[in-house]
Structures are given as C-alpha cells and as structure tokens.
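Worksheet: the structure to be examined is printed underneath.
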Amino acid sequence: MTQTIARQGMTRRQLLSRTVAAGAAAMVLGTGFIAAPDAAWAYETTKLKPETFATLVQMARDIYPHDRIPTENYVEAVKGYDSDDAAAEIEAGIAALDAAAQGAGFANYLDAGWEADRVKLLRGMEQSAFFQKIRGGLVTGLYNQKAVWPLFGYEGESFSKGGYINRGFDDINWL
Amino acid sequence: MVAKFDLNDDSVVVIVGSGAGGGVLSNELAQKGVKVVTLEAGGRYLPEDYINDEWDSFGQLAWLDPRTTSGDWRVAKDFSGLPAWIVKAVGGTTIHWAGASLRFQEHEWKAASTYGPVPGANLLDWPIDSAEMAPWYDKAEEKLGVTRTGDRPGLPGNNNFKVLEKGAKAIGYKEVHTGRMAINSVERDDRNSCQQTGFCFQGCKWGAKWSAAYTEIPRGEATGNLEVRDHCHVTKINHNDKGQIVSVTYIDKEGKEQTQKARLVCVAGNTIESPRLLLNSASSMFPNGLANSSGQVGRNYMRHVTGSVYATFDKPVRMWRGTTMAGIVQDEARHDPSRGFVGGYELETLALGIPFMAAFLDPGSWGREFTTALDSYENMAGLWIVGEDMPQETNRVTLNTAVKDKFGLPVPDVHFSDHPNDVAMRKHAYAQGRKIYEAVGATRVLPTPPYPSTHNLGTNRMSEDPRLGVVNKWGQTHDISNLFISDGSQFTTGAAENPTLTIVALAIRQADHIASEIEKGAL
Ligand SMILES: Cc1cc2nc3c(=O)[nH]c(=O)nc-3n(C[C@H](O)[C@H](O)[C@H](O)COP(=O)(O)OP(=O)(O)OC[C@H]3O[C@@H](n4cnc5c(N)ncnc54)[C@H](O)[C@@H]3O)c2cc1C
Ligand code: SF4
C-alpha cells in the first residue's frame with residue numbers, strides 16, 4: 001500500500017496546508033511528499049523529484065483513464081520507477097513531456113488542465129520508448145492490482161470458495 | 001515402484017517432453033511393458049500447486065526461455081519475445097489447456113485433394129484418414145473422458161455460453177452446444193467433476209479437467225516401467241556412424257550435462273522446441289539437422305486462424321464464472337468455398353480475467369476507447385475463433401544464432417505471416433461473431449487480434465512421400481528409423497479443430513506401433 005501521511009505523523013490539515021497544486025490527481029507537498037488534494041493518499045518520493053512523480057501519476061491516469069479507480073492505484077502502479085535504476089530515465093522522459101507541453105503553450109504537462117489537451121500531448125509522443133515503457137508497465141502494474149479488480153466486477157480467485165457451481169456460474173437472467 | 005534406469009541402459013525408449021504427445025506416449029508404452037525414460041525440461045506441479053491467478057500461474061508454468069519472432073503477424077510486434085503460450089512442466093501444455101476435444105472432419109485429413117491448389121499454400125494430404133483414425137479417437141475420447149462422446153453427459157452452460165447460444169441460434173446456427181470437453185461433467189476416472197471455478201487455463205485445482213500431469217504420468221510411473229526425470233532439458237540427439245540414434249544429451253536438475261543411451265528416441269517438445277532440437281543436433285553426417293533430408297524440418301508452422309470477439313451488453317454477463325471454453329458453434333466448420341476461403345472454423349466461448357484482458361484485448365492501445373471497453377468487463381461475453389490455417393513453407397521455426405539460451409544454444413525464431421486465405425477466414429469469423437452478439441443486444445463489439453500461439457503445429461509434418469515431409473504415417477522420421485516425432489509438430493494440416501485430441505490419438509496409435517515393432521524385433 002501507499003504510505004499515508006497519517007503514518008508519517010502528519011495530520012490531514014497540516015498536509016493540506018503544505019500542498020501546492022499539481023494537477024487534478026496529485027499535489028506536490030514541499031518536502032518530497034505528494035498527496036491527493038483530499039489527502040486520501042500520499043507518497044514520499046525517494047529518487048524522483050516530487051513534481052516528476054506527480055506528472056507520472058497524471059500521465060498514468062491519462063493513458064489508462066478509469067474514472068472509478070482512485071489515484072492511489074495509479075501511484076501504486078508507477079512507484080517502482082522511484083528507484084535508482086529508473087530515476088534518470090523517468091526524469092528525462094517527463095522533462096520531454098513537459099517540453100512538449102511548453103511547445104503547446106502550457107507551463108508544463110500538469111498545467112494542461114484538461115484531459116483532452118494532455119491526451120493530445122501523449123498522442124504526439126506515443127511512439128517514443130518512454131511512453132511505451134510507461135504504458136507497457138501499466139498493463140500489469142495497474143490491472144494486476146487485486147485492489148482494482150472489484151471496480152471491474154472481477155472476482156479473482158474462486159477455488160477457495162468452491163468455484164461458482166453454487167455461486168452463479170449460470171445466473172444470467174436477462175437473456 | 002517408480003523405475004530408475006541407468007544412463008548406459010540402451011534398451012530404453014527415451015521420450016523428450018511430457019505433454020499431450022509425450023505424456024500419453026510415456027504411459028501407453030509403460031502400460032505395454034516397454035521401458036521408458038521421459039526427460040522433461042520443466043518441474044512437477046499438481047492441482048494443489050496451481051494458482052487461481054493469471055499472471056502468477058503464467059509465471060509458475062509458462063515456457064519463458066528466450067525466443068524471437070519475425071513475419072507480419074501482430075504477435076511479433078506486441079509480444080516479440082513470446083510467440084507462443086506453452087507450458088514448461090511435467091504434463092506440458094495439458095496443464096494450461098482448456099479441454100476442447102474435437103475430432104477432425106473426414107475431409108480435413110485430405111486438405112490438398114479436397115481444397116485443390118491454393119496459391120502460396122504448401123497443402124498436402126495426410127498419409128492417414130478418418131477411417132484409420134476412428135478407433136484411436138475412440139480410445140483418446142475414453143482416456144480424456146470427453147463429454148458428449150460415449151455415454152458422457154455434456155457440461156452445463158455458464159453465462160458466457162448462454163449469451164453465445166442465444167445469439168447463435170438467433171442468427172440461424174444449429175450446431176450449438178457446451179462442447180466436447182475433456183472435463184468431467186460427472187465424477188469419473190478417480191477425478192472430480194467440474195466445479196465451475198473458471199480457471200481452466202491456470203491448471204484445474206479440482207482435477208476435473210484431464211491433464212497428463214496427474215493422469216498419464218503417475219499411472220505410467222506406477223507400472224514400474226517409466227522414469228520421468230524433471231528439470232532435464234535435452235540439448236542434443238546423438239547418432240552413430242550408421243546414422244542411427246544412440247543417445248540424447250541433456251542438462252539435469254543440478255545443471256550437469258548427462259547422456260542417456262536409448263534404443264529409440266521420440267521427440268515431443270511441442271512444435272517450436274521439437275524442430276529446434278533436430279536442427280540443434282546437426283552433425284557432419286546431417287549438416288542440416290536430423291531427419292531433414294526433405295528440408296521441411298521447421299517449415300509449415302501453423303497456429304490456427306484465431307482471434308476473439310468480445311461484446312459488451314447493458315447488463316452483467318460475468319463471463320469469467322465457470323468453465324472457460326465449454327461452448328461451441330460448429331456450423332462454420334464445414335468446407336464451403338462460397339464464403340471466400342477454403343476450410344472452416346469453430347467458434348468457442350472464451351473468457352479472460354481482468355489481468356489478461358488488459359494485456360490481450362487490444363495490445364498496445366490506450367486511452368478511453370480502450371478503457372471504456374474494460375470498464376464494461378462485467379457485462380462482457382467472449383468467443384474465440386479456431387480455424388484451419390494454410391501451411392506455408394516460409395512460416396517456420398529456424399535457429400537464431402544471434403541469440404543464445406542459458407545453455408548457449410541458439411534460440412528458435414518463429415516466423416509467421418498470414419496467408420490470404422487466413423485473412424479472409426478471420427474476417428468472416430469476426431463478422432459472424434459480431435452478428436451473434438448483436439442478435440442478443442450487444443452495445444459494442446470488439447475484434448481482438450490473435451494471442452500468442454496456443455496451438456502450435458506442423459513443423460515436422462507427416463507425409464507419404466519422404467521428399468515432402470519429415471515423418472511417415474507412424475510419426476517415424478523418414479530418414480532415421482529409430483527417431484520418432486510424437487507431438488503436434490507431426491500435423492500435415494491443422495484442420496478447424498483444437499488439436500490435442502488428435503495429438504493424443506496419434507500418440508496412442510504410435511505407442512501401439514512402437515510396442516509391436518519392438519516385440520517383433522524390428523526396433
Ligand atoms: C491456454 C491454452 C489453452 C488451450 N486449450 C486447448 C483446448 O481447449 N483444446 C486443445 O485441443 N488444445 C488446447 N491447447 C493446446 C494444447 O495444450 C497443445 O496443443 C498440446 O498440449 C500440445 O501437445 P504437445 O505434446 O505438442 O506439447 P506440450 O503439451 O506443450 O508438451 C511439450 C513438453 O515438452 C517439454 N520440452 C520441450 N523441449 C524440451 C527439451 N528440449 N527437453 C525436455 N523437455 C522439453 C516442454 O517443457 C513441455 O512440457 C491450449 C493451449 C493453451 C496454452
Ligand atoms: S471450471 Fe471446471 S475444469 Fe475449469 S478449472 Fe474449474 S473445475 Fe476445473
């Protein structure tokens with residue numbers, strides 16, 4: 001699970017008071033924390049700049065937008081990149097994304113406040129190795145999280161419950 | 001008592017691979033009193049080990065040694081290191097398989113004469129026919145406990161089937177049922193009946209689905225005539241100066257190279273590894289690889305015309321519940337060139353969980369067009385197309401000398417491009433799939449491209465004429481009398497049906513032949 005600010009010993013109010021707006025999905029806090037605007041989740045980066053991580057999380061949502069999946073699951077999906085191995089490549093990739101945003105008249109990617117504008121930027125770089133790496137990683141990083149399965153209705157493991165023989169394998173009633 | 005044979009015992013039959021072909025052959029020979037050493041690259045996993053989780057199970061069971069791809073198939077772009085989905089374990093891909101068990105139709109044994117010349121296709125008639133195979137199919141259906149054959153009842157239909165059935169009947173299809181499945185609809189053969197768990201692809205934890213892992217292998221071992229050595233990867237087949245096979249070299253569990261002597265060798269490593277092993281066994285006497293005087297080793301790689309159609313509805317289906325593939329429409333399996341292609345196809349129910357659906361629904365795509373489809377996952381129904389593809393000489397498994405596996409051996413490159421007949425058939429099947437689901441009110445229908453190959457066929461094909469194929473009608477190589485091929489690579493053509501029942505029937509028949517030749521002193 002994501003580290004929560006509460007566990008870091010900060011109250012929700014303290015947290016909110018330290019935030020600076022960083023797009024819809026995430027807020028960058030002063031000291032390496034980023035958090036949801038409503039403090040539902042937060043994450044402390046170790047290798048990536050918090051702004052970079054916040055941009056990455058927004059990019060992840062823009063690639064695979066599911067309105068019912070909370071941002072913490074996108075954080076979970078990309079937090080592996082906050083590591084020694086990946087940091088340089090991610091910083092460079094996000095810098096390129098921000099540069100593309102500047103070319104389109106925004107201060108940076110997160111400054112492009114509307115999804116449609118951000119998606120346009122992503123379409124422009126979808127052949128890049130960076131984009132493909134992030135997208136490819138999300139396929140398992142996001143969808144293989146057991147926490148998101150119920151949001152799709154998927155029930156996962158069933159052997160321990162005796163299969164579906166008495167639990168609706170043929171319960172369709174609208175045909 | 002499980003047998004233990006000496007490395008220098010040259011009276012044993014060595015079988016490479018323990019899947020549908022090798023596993024069945026091992027047990028059948030052992031039952032007849034023939035001494036067998038089966039060498040299997042993978043480990044042992046039984047129902048208690050199987051995992052109800054798509055990626056975890058894949059990690060546990062799949063063959064993940066490096067492979068490369070080429071050709072214009074989309075798999076080469078989206079899954080360039082994973083041309084095929086094959087199991088590396090005792091029992092082989094029968095752990096993953098879904099259990100659909102169909103006989104070839106009569107004309108499919110004679111594709112070349114039935115279809116006539118098809119430009120670019122390397123079609124050939126099998127040197128055997130439907131009458132020859134009928135008794136072996138009977139035995140195979142009995143062994144696998146195939147539903148709707150013998151006195152075995154069909155499986156009940158799950159939600160995914162009910163949607164397919166209603167739609168198919170609405171557009172006039174007649175041959176629609178819950179399939180002929182190697183899955184117990186009632187307890188049988190000391191195995192459970194299906195509990196509708198929905199993880200058939202991940203290994204059946206109830207043992208309701210037939211798999212060589214927990215039927216053929218332990219039963220063969222119980223005879224005292226079969227030794228299965230797991231984690232033993234065969235790297236080379238060795239011959240003497242008369243061109244007869246004398247032994248195989250393998251790397252054992254500890255990573256040590258060993259040589260097992262043999263009276264004869266049967267290769268059953270699946271359609272990619274079997275030709276690779278023959279090619280990697282090239283020698284000064286056989287510079288193009290073993291049994292390759294025809295030049296056909298590795299060629300004519302077939303994978304069936306596949307593809308899926310997923311449809312979303314305004315209400316829940318929950319297709320993942322219950323047997324993955326117990327549902328079929330057979331009306332299009334006939335040969336009817338008026339549709340614009342030769343051969344036919346089956347439509348079978350198929351469900352993936354969310355993790356695999358995300359990976360395979362439309363690989364590489366992103367954005368709301370993709371995610372809104374997944375958002376409707378609960379309301380989705382799905383089917384899989386299985387059709388006859390055209391053998392082509394240029395679709396082939398070759399050695400990629402630029403890439404080596406952990407033993408330093410060249411990896412297989414799997415080259416595949418669709419034949420125009422394949423393209424026409426897939427297009428037709430997609431359209432029929434769409435009609436089926438639209439007839440029951442689908443709100444959106446999506447064509448899904450072929451997954452990495454699950455049906456791998458044809459790279460050591462059977463032929464009457466030694467110049468046109470690799471093995472004769474017994475699976476014995478034309479060039480070397482004590483070298484046999486015992487898996488799906490023997491297929492001359494692929495037919496419209498899922499291949500495993502035919503692989504099993506051929507293995508039972510081959511065991512009978514080998515045992516009687518040994519008894520006669522001919523082998
Ligand atoms: C998800 C899935 C679903 C399927 N569903 C169906 C279905 O419903 N109906 C159907 O008919 N078919 C189905 N199939 C296909 C079916 O599983 C295969 O056709 C069948 O198992 C092939 O048999 P085989 O003997 O050729 O090879 P396999 O069963 O793959 O066995 C080959 C074995 O050889 C071993 N091996 C390979 N090389 C070496 C070596 N050098 N040394 C030692 N061992 C080696 C491998 O580890 C493996 O265990 C499915 C396949 C998959 C993946
Ligand atoms: S649905 Fe039936 S056959 Fe498939 S895994 Fe479950 S019990 Fe086994």
Output yes when [X] and [Y] qualify as a salt bridge under the 4.0 Å nitrogen-oxygen rule, no when they do not.
| X | Y | value |
| --- | --- | --- |
| B/K162 | A/D171 | no |
| A/R68 | B/D375 | no |
| B/R321 | A/E155 | yes |

Tell me, out of [options], who's got the most heavy-atom pairs with chain A below 4.5 Å.
| options | result |
| --- | --- |
| B/N379, B/N160, B/V317, B/L374 | B/L374 |
| B/M319, B/Q195, B/E378 | B/Q195 |
| B/K205, B/K166, B/R368, B/M357 | B/R368 |
| B/W55, B/F161, B/F313, B/F356 | B/W55 |

Could you tell me which non-hydrogen atom of [X] sits nearest to which non-hydrogen atom of [Y], and how far apart they are?
| X | Y | answer |
| --- | --- | --- |
| A/I172 | B/N159 | N-OD1, 2.9 Å |
| A/F152 | B/Y377 | O-CD2, 3.6 Å |
| B/P355 | A/W149 | CG-CZ2, 3.4 Å |
| A/Y143 | B/T371 | OH-CG2, 3.8 Å |
| B/N52 | A/E157 | CB-CG, 3.5 Å |

For this session: Take the angle between the ring planes of A/Y154 and B/F199 and call it parallel below 30°, perpendicular above 60°, tilted in between.
Result: tilted
Exercise. Can you check whether A/F159's main-chain N or O pairs, donor with acceptor, with B/W206's side chain at less than 3.5 Å?
Worked result: no
Between [options], which shows the greatest number of heavy-atom pairs under 4.5 Å with chain B?
| options | result |
| --- | --- |
| A/D67, A/N173, A/V148, A/L138 | A/D67 |
| A/L151, A/N144, A/V139 | A/N144 |
| A/R123, A/K146, A/R167 | A/R123 |

Exercise. Do other residues, nucleotides or ligands put more than 12 heavy atoms under 6.0 Å from the CD atom of B/E369?
Worked result: no
For this session: Mark yes when over 12 heavy atoms from residues, nucleotides or ligands other than B/D72 sit less than 6.0 Å from its CG; otherwise mark no.
Result: yes
For this session: Decide yes or no on side-chain contact (heavy atoms from CB on, under 4.5 Å) for A/E126 and B/W366, but give the supporting numbers first.
Result: CA-CA 10 Å; A/E126 67 179 326; B/W366 60 279; 2.7 Å; yes
Of the backbone (N, CA, C, O) and the side chain (C-beta and beyond), which part of [X] lies under 4.5 Å from a heavy atom of chain B, both, or neither?
| X | result |
| --- | --- |
| A/K161 | neither |
| A/Q145 | neither |
| A/L122 | both |

Problem set entry | Engaged part of B/S365 at the chain A interface, taking heavy atoms whose separation is under 4.5 Å | backbone
Problem set entry | B/P156, part contacting chain A, at a heavy-atom distance under 4.5 Å | both
Exercise. Roughly how far, to the nearest 0.5 Å, is CG of A/L175 from NZ of B/K315?
Worked result: 9.5 Å
Problem set entry | Rounded distance [0.5 Å steps], CD1 in A/I165 versus OG1 in B/T323 | 8.5 Å
